[in-house]
Amino acid sequence: MAEAAAVAGESLGGGRARAARTVLGQVVLPGEELLLPEQEDADGPGGAGEQPLRLNAGARSRVRVVCGPGLRRCGDRLLVTKCGRLRHKEPSSGSGGGVYWVDSQQKRYVPVKGDHVIGIVTAKSGDTFKVDVGGSEPASLSYLAFEGATKRNRPNVQVGDLIYGQFVVANKDMEPEMVCIDSCGRANGMGVIGQDGLLFKVTLGLIRKLLAPDCEILQEVGKLYPLEIVFGMNGRIWVKAKTIQQTLILANILEACEHMTTEQRKQIFSRLAES
Amino acid sequence: VEGAMQTDAKIRTAGGTEPGPQGPGCSLRHFACEQNLLSRPDGSASFLQGVAEKSRERLIRNTCEAVVLGTLHPRTSITIVLQVVSDAGSLLACCLNAACIALVDAGVPMRALFCGVTCALDSDGTLVLDPTAKQEKEARAVLTFALDSVDQKLLMSTTKGLYSDAELQQCLAAAQAASQHVFRFYRESLQRRYSKS
């Protein structure tokens, strides 16, 4: 089946939209338009608006595609709004067209509902805490949003503490709200992060890479020293090892992982394991 | 003590409208000054001479506002800081290109990319794209355009000097053709960046 528009060509888009399938895994730039699989049949080899006459008056089978980060719906096409690699995930349950998104490298975090993040408590005002999560506004955290917290039994949270929680409200129009319990009321690892340790910042892409199911970096780091580590989707990592020196080494390794190739990383790990 | 100059005072885009210092009782242009802008260095200042410098910032801001999807970030300010490292002509076009790539690097959602192209017309009517500082000074007219990446539409134009209507169209067409090269360069450098990961 011939695709709607060839990928070759020097102009960035020039009004020609490319089929999303042909661009998977490639770098896309803001302003490009992508055609969904359903539309490729319509803009077939005839081109110029010629379409085969449909004998059934019923609606065409519509495929429901989810538009992820970096893409916006523009008419019945997808408009790319960020630079990055185009990715696609097939739907697990069979119906729908799956998810398309742009994998971009970014340092700045924008709160998203459901994300687990590390925040720093900046203020206590009445019944809520203001937590800095790296976005444009501080998030609010109610004191009742901890496991086992009641009006009489308040959680022990001070200004400057680190909190690991998730967003329940996060959109562009409202102040983000986070909680430290899941929907069943259990902490599930969330709450105040303990004493000591080191908090440092990395890019969002590195966090996603480290949290991917098949990431070897984390397993190798675990074999090196015993450690506690918390990843926040807002680009923050908290790490704690037995001594301060080991903690700093781990922090440096994780920060450098972004720029190292696999071989360089294995070299560094083997050198550290020897010493 | 660090002094931070936010605009390059060497570039005077006076265009003959503002009188420079001439003889006794000279009239200087309007000054504006801000101090202690940056918190890290011991001292910092911003000095603004003339009104023309502000218009360059306004042009860049208007171009960015047309392209950035501001509705996705309400009640948020996006600040672009441009520092001139060296000026070899076509400064505004270079600032526009830098601003575009910086916005892409920051992950700000945009509806298209944009680029700046400068044209100079000399006294014979010859068109020179991307002129050097010397060519700009000797030209009869200097035109700068900001074009977007989707249809090479004109987003912003600023011109100085004398030119005819036909020459304007000619310069615009040449700028549109040149913008393809700039966008190709954007694509290559962004692809190179993503190929490393």
Side-chain angles (χ1 to χ4, degrees), chain A residues 7 9-17 23 25-33 67 69-72 74 77-87 102-112 135-137 171-176 203-206 208-209 235 257-262, chain B residues 63-81 97 99-115 117 146-153 155 175-197:
Chain A
V7 170
E10 310 210 316
S11 70
L12 257 199
R16 268 182 319 181
V23 194
Q26 291 179 30
V27 173
V28 288
L29 299 178
E32 292 186 10
E33 287 195 342
C67 204
L71 294 171
R72 270 177 85 74
C74 165
R77 297 177 175 185
L78 295 178
L79 174 71
V80 179
T81 59
K82 290 195 191 175
C83 174
R85 289 195 185 270
L86 187 66
R87 306 275 189 217
V102 177
D103 208 355
S104 64
Q105 289 172 357
Q106 215 178 297
K107 286 197 274 199
R108 179 84 189 192
Y109 178 66
V110 173
V112 169
S136 57
E137 310 184 76
N171 52 52
K172 62 183 168 78
D173 302 308
M174 296 165 63
E175 177 193 46
T203 61
L204 307 186
L206 179 63
R208 290 196 299 261
K209 188 163 94 165
C257 264
E258 178 137 38
H259 309 290
M260 287 197 291
T261 62
T262 318
Chain B
T63 312
C64 294
E65 280 179 357
V67 159
V68 164
L69 289 168
T71 53
L72 293 179
H73 295 285
R75 305 181 311 284
T76 306
S77 99
I78 299 175
T79 307
I80 303 177
V81 177
N97 295 340
C100 180
I101 296 289
L103 287 169
V104 168
D105 187 49
V108 175
M110 299 202 282
R111 62 171 61 91
L113 297 177
F114 60 92
C115 78
V117 182
L147 302 161
D148 92 341
S149 63
V150 178
D151 302 318
Q152 284 75 54
K153 274 196 318 248
L155 293 172
Q176 282 173 329
S179 69
Q180 306 278 27
H181 288 266
V182 183
F183 290 130
R184 200 178 333 130
F185 175 73
Y186 282 3
R187 178 178 280 278
E188 284 167 8
S189 53
L190 288 166
Q191 274 174 343
R192 221 176 314 136
R193 184 185 174 202
Y194 279 91
S195 70
K196 283 189 205 157
S197 59

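All values below come from the heavy atoms of this structure, side chains included, with hydrogens, waters and symmetry mates left out. The chains referred to below are lettered A, B, ... by the order of the sequence lines, with proteins before strands, and numbering in each begins at 1.
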List in chain and number order the residues that pass side chain to side chain donor-acceptor pair (under 3.5 Å) with Asp103(A), two or more places apart in sequence or in another chain; answer none if no residue qualifies.
-> Arg87(A), Arg208(A)
What are the two closest non-hydrogen atoms of Ser149(B) and Pro30(A), and how far apart are they?
-> OG-O, 3.9 Å
For Arg75(B) and Glu137(A), work out which heavy atoms get closest and say how close.
-> NH2-OE2, 3.4 Å
Where on Val67(B) is there a heavy atom nearer than 4.5 Å to chain A: the side chain, the backbone, both, or neither?
-> neither
Sort out for me which residue in Gln191(B), Glu188(B), Arg187(B) forms a side-chain contact (heavy atoms from CB on, under 4.5 Å) with Val27(A).
-> Gln191(B)
Can you tell me if NZ on Lys153(B) sees more than 12 non-hydrogen neighbours from other groups inside 6.0 Å?
-> no
Under a 4.5 Å heavy-atom cut-off, does chain A meet the side chain of Asp105(B), its backbone, both or neither?
-> backbone
Side chain, backbone, both or neither: which part of Leu69(B) has an atom under 4.5 Å from a heavy atom of chain A?
-> side chain
Taking all heavy atoms of Gly107(B) and all of Lys82(A), pick out the closest pair and write down the distance.
-> O-CE, 3.3 Å
Identify which part of Ser104(A) has an atom lying under 4.5 Å from any heavy atom of chain B, answering side chain, backbone, both or neither.
-> both
Closest approach of Ser136(A) and Thr76(B), non-hydrogen atoms and distance?
-> OG-OG1, 3.9 Å
The interface call for Val80(A) against chain B, heavy-atom contacts under 4.5 Å, is backbone
Any donor and acceptor pair, going by atom type alone, linking the side chain of Tyr194(B) with main-chain N or O of Gln26(A) inside 3.5 Å?
-> no
Assess whether side chain to side chain contact (heavy atoms under 4.5 Å, CB included) is satisfied between Val110(A) and His73(B), documenting all intermediate values.
-> CA-CA 9 Å; Val110(A) 173; His73(B) 295 285; 3.8 Å; yes
In chain order, what residues pass the side chain to side chain donor-acceptor pair (under 3.5 Å) check against Glu65(B), with sequence neighbours excluded?
-> none
Under 3.5 Å, side chain of Arg108(A) to main-chain N/O of Ala106(B), donor-acceptor pair present?
-> no
What's the spacing between Cys74(A) SG and Arg111(B) CZ if we round to 0.5 Å?
-> 10.0 Å
